[in-house]
Asks: 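Just dropping this structure here.
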Amino acid sequence: VLRPGGRLVAATNSERHLVELWALVGSEQVALSFRRENGEELLARHFARVDRRDFEGRVTVTDADKVRRYFASSKRGQLYVDSVPELSEPLVVGARTTVFVAETAS
């Protein structure tokens, strides 16, 4: 699909992305087939060079309604909206995202 010397930029999440939110409702996040943990290996099969850039951040949530709105924003998450408990203390959630830059051979 890409011409020689072309680049693909792909972003994906870690299998641990927002894991604290899913634990809050007693579930696990669905594992993506292309994720931080395997993306480099998968891309290296088709590209001459692959660079990986990890980004980590923390979000502190104090409002259970915001968590409910987050879950309501996805088809799978909608199943858990009513399972979100009130938060008795702030919840720290880890965002774990990766960007891959893959280049074809020249």
Asks: Heavy-atom count around Arg76 CZ within 6.0 Å, excluding the residue itself: above 12?
Replies: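 Count over threshold, so yes.
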Asks: Do the ring planes of Phe71 and Tyr80 sit parallel (below 30°), tilted (30 to 60°) or perpendicular (above 60°)?
Replies: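 Rings of Phe71 and Tyr80: tilted, as their planes differ by 30° to 60°.
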Asks: Applying the side chain to side chain contact (heavy atoms under 4.5 Å, CB included) criterion to Leu87, which one of Leu24, Asp65, Asp63, Thr62 satisfies it?
Replies: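 Looking at Leu24, Asp65, Asp63, Thr62, the match for Leu87 under the side chain to side chain contact (heavy atoms under 4.5 Å, CB included) is Leu24.
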Asks: Sub-3.5 Å donor-acceptor pair from the side chain of Asn38 to the main-chain atoms of Ser33, do we have one?
Replies: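 Yes, the answer is positive, given that a donor and an acceptor are paired below the 3.5 Å cut-off.
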Asks: Does Ala64 offer a backbone N or O that forms a donor-acceptor pair with the side chain of Glu86 under 3.5 Å?
Replies: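 Judged by distance alone, no pair lies under 3.5 Å.
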Asks: To the nearest 0.5 Å, tell me how far Thr98 OG1 sits from Phe34 CZ.
Replies: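 Going from the OG1 atom of Thr98 to the CZ atom of Phe34 covers 9.0 Å.
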Asks: Could you check if a side-chain atom of Leu91 sits within less than 4.5 angstrom of a side-chain atom of Leu21, using non-hydrogen atoms only?
Replies: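 Sidechains of Leu21 and Leu91: in contact.
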Asks: Main chain of Val92, side chain of Thr60: is a donor-acceptor contact present, judged purely on distance under 3.5 Å?
Replies: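 Between the backbone of Val92 and the side chain of Thr60 there is no qualifying donor-acceptor contact (under 3.5 Å).
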Asks: Between Tyr70 and Leu18, is there a side-chain heavy-atom distance shorter than 4.5 Å?
Replies: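 Counting from C-beta outward, Leu18 and Tyr70 do come under 4.5 Å.
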Asks: Counting distance only, does the side-chain N/O of Arg53 pair as donor-acceptor with the main-chain N or O of Asp51 below 3.5 Å?
Replies: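 Judged by distance alone, no pair lies under 3.5 Å.
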Asks: Backbone N or O of Phe55 within a donor-acceptor pair of the Thr97 side chain at under 3.5 Å?
Replies: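 Not confirmed, Thr97 side chain does not pair with Phe55 backbone.
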Asks: Do Leu8 and Leu43 have side chains that get closer than 4.5 Å, going by heavy atoms?
Replies: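 The answer is yes, as the side chains (C-beta and beyond) meet within the 4.5 Å cut-off.
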Asks: Under 3.5 Å, is there a donor-acceptor pair between the Arg36 and Ser14 side chains?
Replies: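 Judged by distance alone, the side chains do not pair up.
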Asks: Would a single hydrophobic cluster contain both Val81 and Trp22, if residues Ile, Leu, Val, Met, Phe, Trp and Tyr are joined by side-chain heavy-atom contacts under 4.5 Å?
Replies: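 They do share one cluster, since a chain of ILVMFWY contacts under 4.5 Å joins Trp22 to Val81.
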Asks: Where the side chain of Glu40 meets the backbone of Arg52, is there a donor-acceptor pair that is under 3.5 Å apart?
Replies: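 No; judged by distance alone, with no hydrogens or angles, the pair does not exist.
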